[in-house]
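Input: a single structure, listed below in structure tokens.
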Amino acid sequence: MRATARAQPNIALIKYWGKRDRDRNLPAVGSISLTLDDLYTTMDVELDGALDRDELRVNGRRAESMLPRVARCLDAVLGADRLCARVTSESNFPVAAGLASSASSFAALVVAASAAGGRARSVGELAGLAGRASGSAARSLYGGFVELRNENDGIAVSTILEGDAWPLRIVAAVTSQAPKPVSSGEAMEASRRTSPFYSRWVEEQGMDLSTARDAIAVRDFGKLASVAEHNCLKMHSVMWASRPPVVYWNAATLACLESVRALQAEGVAAFFTIDAGPQVKVICPPGDEPRVVDALSSTDGVEAVLASGIGSGAALVNGD
Ligand code: PMV
């Protein structure tokens with residue numbers, strides 16, 4: 001009745017932004033991501049008949065505000081007639097600040113919960129359940145380069161290239177550890193309702209996905225860099241043009257982009273991407289990592305620099 005799972009966050013190169021079905025949390029567009037290895041969330045789920053309500057601790061503290069979302073996810077995995085659960089989550093990186101902690105958390109939660117409840121499920125089913133809690137979490141069930149495709153009635157997620165076939169590095173510049181001002185769910189909805197660029201964003205996604213897929217297949221770094229930066233800036237343009245506007249960036253975010261542009265001008269192979277938060281993630285081949293780490297560490301306003309390789313999908317650590 002107890003199990004522990006570990007999952008890594010993933011960083012989208014071609015982004016998910018917007019929902020086509022809010023009740024089932026289905027994305028409006030497909031996406032392509034990289035699953036990390038050195039950053040992770042460990043989730044322990046214990047089903048206990050002696051409890052009269054669910055309990056959640058995140059990094060040692062009670063987390064009441066996240067509890068309803070976690071409880072809904074447990075209901076989806078185990079059924080609403082399940083026992084109450086004691087859930088403990090530990091992440092080795094800042095949560096709720098655009099480093100995709102919801103992805104690693106919900107991916108680990110569905111794996112741990114289904115093992116604790118003795119339910120055998122395929123990885124595809126687990127991805128569907130994680131995606132209902134957090135769209136990007138579905139991708140953290142898989143390792144390497146991962147594509148999430150929209151299917152008629154749901155999603156289909158798969159690894160399109162193993163990480164060791166193209167071992168890129170991801171360097172994240174943390175520019176603020178404050179929780180984000182607007183959740184990605186609310187911001188997506190504001191974009192869908194009010195941004196004049198939203199429909200164009202959805203229309204063009206197929207083209208960006210296909211360019212990225214082709215670039216990954218032949219390991220063409222320049223082509224992947226160009227489409228990933230374009231897709232990221234397009235997503236943020238959709239947000240900026242929403243009413244009220246959604247701006248996750250701070251001054252250091254922009255300073256990091258300038259640092260990346262300076263590196264590129266010096267011939268360093270590196271490109272940036274930014275999610276629903278002010279952190280900047282830079283992707284580069286291993287040989288260029290020291291230059292990227294140096295440049296980001298000395299950029300004004302950068303509080304910490306974390307580096308990671310490409311990792312594997314969510315997995316059980318132990319269970320009984
Ligand atoms: O999974 P959510 O609901 O936190 O949405 C995440 C959206 C982005 O991180 C901005 C993009 C993506 O594809 O991960």
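Start at 1 and go down the list; that is how both ligands and their atoms are numbered.
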[atom]: nearest protein contact (heavy atom, Å):
atom: atom 9 (O) of ligand 1; answer: D275 OD1, 3.5 Å
atom: atom 7 (C) of ligand 1; answer: Y16 O, 3.5 Å
atom: atom 1 (O) of ligand 1; answer: S136 OG, 2.6 Å
atom: atom 5 (O) of ligand 1; answer: M188 CE, 3.3 Å
atom: atom 14 (O) of ligand 1; answer: R139 NH2, 2.7 Å
atom: atom 2 (P) of ligand 1; answer: S184 OG, 3.5 Å

If hydrophobic clusters are built from ILVMFWY residues whose side chains come within less than 4.5 Å, do V29 and V227 share one? no

Tell me whether V282 shares a hydrophobic cluster with L36, the cluster being built from Ile, Leu, Val, Met, Phe, Trp, Tyr side chains joined at under 4.5 Å. no

Can you confirm, on distance only, whether ligand 1 has an N/O atom lying under 3.5 Å from any N/O atom belonging to [X]?
X: K19; value: no
X: S31; value: no
X: K15; value: no
X: N10; value: no

What is the minimum heavy-atom distance between I170 and G309, and which atoms define it? CD1-O, 3.9 Å

Which atoms form the tightest heavy-atom contact between L26 and G154, and what is the distance? CD2-CA, 4.0 Å

Partner residues of W201 under the side chain to side chain donor-acceptor pair (under 3.5 Å) criterion, sequence neighbours left out: none

Between [X] and [Y], is any pair of side-chain heavy atoms under 4.5 Å apart?
X: V45; Y: L109; value: yes
X: E55; Y: V87; value: no
X: F106; Y: L129; value: no

Which of the numbered atoms in ligand 1 are below 4.0 angstrom from a heavy atom of [X]?
X: S102; value: 4 (O)
X: W17; value: 10 (C)
X: A12; value: 12 (C), 13 (O), 14 (O)
X: S134; value: 1 (O), 2 (P), 4 (O)

Take the angle between the ring planes of W166 and F145 and call it parallel below 30°, perpendicular above 60°, tilted in between. parallel

Can you check which of C232, A276, G131 brings a heavy atom nearest to atom 10 (C) of ligand 1? A276

Under the criterion salt bridge (Lys or Arg N to Asp or Glu O under 4.0 Å), I'd like the reasoning laid out for E186 against K180: C-alpha separation, chi angles, the key distance, then a yes or no. CA-CA 11 Å; E186 276 174 68; K180 55 181 109 166; over 6 Å; no

